Asks: 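Below: one structure in structure tokens.
Owing to the predicted nature of the structure, the values given are computational and were not obtained by experimental measurement.
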Amino acid sequence: MKRRMHFGVVLVYSLVLYFSSCSAFYLPGLAPVSFCEEGNGSEDCQTGITLFVNRLDSVESVLPYEYDVFDFCKDVKEMRPSENLGQVLFGERIESSPYQVTFKKNVKCNSVCTKTYKKGSQEDATKLDFLKMGMQLNYQHHWIIDNMPVTWCYDVEDGQKYCNPGFPIGCLVTTDGRAKDACVINAEFNKKNTFYVFNHVDIKITFHSGTGEDWKGARLVAATLEPKSIKQTDEKNLNCETGVPMEVPGTFEADVSVVYTYSVTFQENNSIKWASRWDYILVSMPHTNIQWFSIMNSLVIVLFLSGMVAMIMLRTLHKDIARYNQVDQVKSLQNSLPEDAQEESGWKQVHGDVFRPPRKGMLLSVFLGQGTQIFIMTFITLFLACLGFLSPANRGALMTCSVVLWVLLGTPAGYVSARLYKTFGGEKWKTNVLLTALLCPGIVFADFFLMNLILWVEGSSAAIPFGTLVAILALWFGISVPLTFIGAYFGFKKPAIEQPVRTNQIPRQIPEQSFFTKPIPGIVMGGILPFGCIFIQLFFILNSIWSHQMYYMFGFLFLVFIILLITCSEVPDLSDLMTDYHWWWRSFLTSGFTAVYLFVYAIHYFFSKLQIVGAASTILYFGYTMIMVLIFFLFTGTIGFFACFWFVNKIYSVVKVD
């Protein structure tokens, strides 16, 4: 015992030393960059600060667009950093901008370019109409400096400050005089049926000086801006402080000229460390209290379920098992009991049928193989996210990690599917392997491809390039499918899972059941409790996907994930699943029905929280939602099945059966 305690102390001490020594450890691509004043630059200290622009998106449309699609000022020497698979799948298109920034060199009212739209030109009319559409649907710029979003910070209710990692192209005052979106910030935006372009930005860059530190130069710790709408009457004498707003009439009746300008100021702040430079963005999102409420809500549900399961185990199963075993001992001593006295009762009477192979065992084994693959992928991804490897600063890393893990986890999927199919007495092993490798991924890919066709037609930046689609197919058929075959080979080589009791040749007639113990009511009610654990967290996840808000609370998400596992494991055990031999599918569907509630919530979210307009955006929303629902159905159903499978095996293994 002393040796074990000593080993534990040494292990804990070693871990503390290890993590304390990791203070200088940075993820690939996320190492700090030092900046120096012009004339003092070197290989490890840059003077120029590149301002990148990303795609533009809107809460009123699911269709993002590249920066170049709009008629903005473009960089003559356009530079595009390499993008990972996750960024491409999410439609991120990052490119350099024409805004020139040099470290510690303040810029006052610099002109970038002038865009003129001639009244008689059809091309100019098309460009201006597209710009108006962007303002009407509140499309947002997303700029990046030193891998950090350039934020627009403004005051909201209760004196709070909210920092938005984007800012609008402009805004609209409708024909009835209603100021939409950002037009409410300025009383001068009041002309009916008029668009106001934010053609000027005041950029403020905050840096942490390297004086007294072990690194040269300075590091950027914040980048904010304030958009303004200012009409320039004289391009040679620019005024970016005050002026008439830059108006674009709703009807194109005269030439329109838009001058784009910018100002840059630098501010030193050594109290902000480089490692915590994202904090000012994340702190402005006051969701922590709600997250704790979500965790407490989920824990109450888990405690309730655990209490119910414990009560069943102690009051029902424990007494039944003791009585059955006692009766068996009496039978072995007194074989002269009447025949009807030897009749088995309770759940023991179905021991000869409880492990009868399910109908559609092929499909169930395929679902369980895919569900196992999704479960392992989700667990590893969330665990890495909790460690900080998949933070918002590492763009596209979350999706890239998920896709790569899914591809590499074909072996467990093939193994589980094949082993269970063999246990069910199946013999069509080739069909089983092919369905495991192709059925569910094929449905997801077909849905994804149809959504991609819509994005192509609409000219959206979220449309996946043909080369990327070929790469995804190569990963699927070149890596995932062969790995599934390898897993299936080992699964079929293994003997079938041995059941604790024999199965009778003739199935026993299932007695009439009460309403609540029938399959459909039990399945419908079974999904309510797992959904109750996740619905608050689901709100934030949907916000991050469709409202373009940052999601960073992976610690909370991992806790909810663990609670969901426990809930989905306990819900099927609460149902009277072992009273007949259809429990295989029922255990899967009881937990899997949570996905139906997820779909219902997604419909509610669409109509109550989003302002999405247009048929294309609506189809895209529900198309991508169906992919989420299918994945969640397989994930939760698999958890419920294996929990129930273990439970039923356990209780019948402790009963003595002749």
Asks: Looking at CZ of F70 and CE of M135, how far apart are the two atoms once the value is rounded to the nearest 0.5 Å?
Replies: 9.5 Å
Asks: Please determine whether the number of non-hydrogen atoms from other residues, nucleotides or ligands lying under 6.0 Å from atom NZ of K180 exceeds 12.
Replies: yes
Asks: Show the numbers, then the answer: is there a side-chain contact (heavy atoms from CB on, under 4.5 Å) between T381 and L405?
Replies: CA-CA 8 Å; T381 302; L405 282 172; 3.4 Å; yes
Asks: Has Q611 got a side-chain atom pairing as donor or acceptor with V59's backbone, closer than 3.5 angstrom?
Replies: no
Asks: Taking N452 for its side chain and I464 for its backbone only, find out whether a donor-acceptor pair lies under 3.5 Å.
Replies: yes
Asks: Can you tell me how far apart CG (L398) and CG (L384) are? Round to the nearest 0.5 Å.
Replies: 10.0 Å
Asks: Out of curiosity, F641 CZ to L364 CG, how far, rounded to the nearest 0.5 Å?
Replies: 5.5 Å
Asks: Tell me if a side-chain donor or acceptor on H142 pairs with a main-chain N or O of P165 at a distance below 3.5 Å.
Replies: yes
Asks: May I have the step-by-step check of side-chain contact (heavy atoms from CB on, under 4.5 Å) for W546 and F606, ending in yes or no?
Replies: CA-CA 9 Å; W546 303 114; F606 178 83; over 6 Å; no
Asks: Between R80 and E66, does any NZ, NE, NH1 or NH2 come within less than 4.0 Å of an OD or OE carboxylate oxygen?
Replies: yes
Asks: Quick check: does any side chain N or O of Y196 sit under 3.5 Å from a backbone N or O of K191, one acting as donor and the other as acceptor?
Replies: yes
Asks: Closer than 3.5 angstrom, by distance alone: can the side chain of T151 be matched with the main-chain N or O of C153 as a donor-acceptor pair?
Replies: no
Asks: Between N186 and E188 (side chain of the first, backbone of the second, donor and acceptor by atom type, cut-off under 3.5 Å), is there such a pair?
Replies: yes
Asks: Within the supplied structure, the quantity of interest is the number of heavy atoms (other residues, nucleotides, ligands) at a distance under 6.0 Å from F130 CZ; does it exceed 12?
Replies: yes
Asks: NZ of K132 to OG1 of T194: how many Å apart, nearest 0.5 Å?
Replies: 9.5 Å
Asks: May I ask you to check whether Y117 and D71 show a side-chain donor-acceptor distance below 3.5 Å?
Replies: yes
Asks: Enter the distance from Y67:OH to L56:CG here, rounded to the nearest 0.5 Å.
Replies: 8.5 Å
Asks: With ring-ring contact (aromatic ring centres under 6.0 Å, His included) as the test, would you mind laying out the steps for H141 and F198 before giving the verdict?
Replies: CA-CA 11 Å; H141 284 283; F198 290 128; 9.5 Å; no
Asks: Might you work through the side-chain contact (heavy atoms from CB on, under 4.5 Å) test for F445 and L473, ending with a clear yes or no?
Replies: CA-CA 9 Å; F445 185 81; L473 288 172; 3.5 Å; yes
Asks: Can any side-chain N or O of T372 pair as donor or acceptor with the backbone N or O of A413 at less than 3.5 Å?
Replies: no
Asks: Rounded to the nearest 0.5 Å, what separation is found between the CZ atom of R55 and the CG atom of D68?
Replies: 15.5 Å
Asks: Looking only at atom types and distance, does a side-chain atom of Q136 sit under 3.5 Å from a main-chain N or O of L172, one as donor and one as acceptor?
Replies: no
Asks: Could you go through the ring-ring contact (aromatic ring centres under 6.0 Å, His included) check for W143 and Y99 one step at a time?
Replies: CA-CA 11 Å; W143 291 3; Y99 295 84; 4.8 Å; yes
Asks: Take a 6.0 Å sphere around CZ of F558 and say whether it holds more than 12 heavy atoms from other residues, nucleotides or ligands.
Replies: yes
Asks: Checking S617 side chain against V62 main chain: does a donor-acceptor pair fall under 3.5 Å?
Replies: yes
Asks: So, S591 side chain and C568 main chain: donor-acceptor pair closer than 3.5 Å or not?
Replies: yes
Asks: Under the criterion side-chain contact (heavy atoms from CB on, under 4.5 Å), I'd like the reasoning laid out for S61 against Y139: C-alpha separation, chi angles, the key distance, then a yes or no.
Replies: CA-CA 9 Å; S61 174; Y139 270 82; 3.1 Å; yes
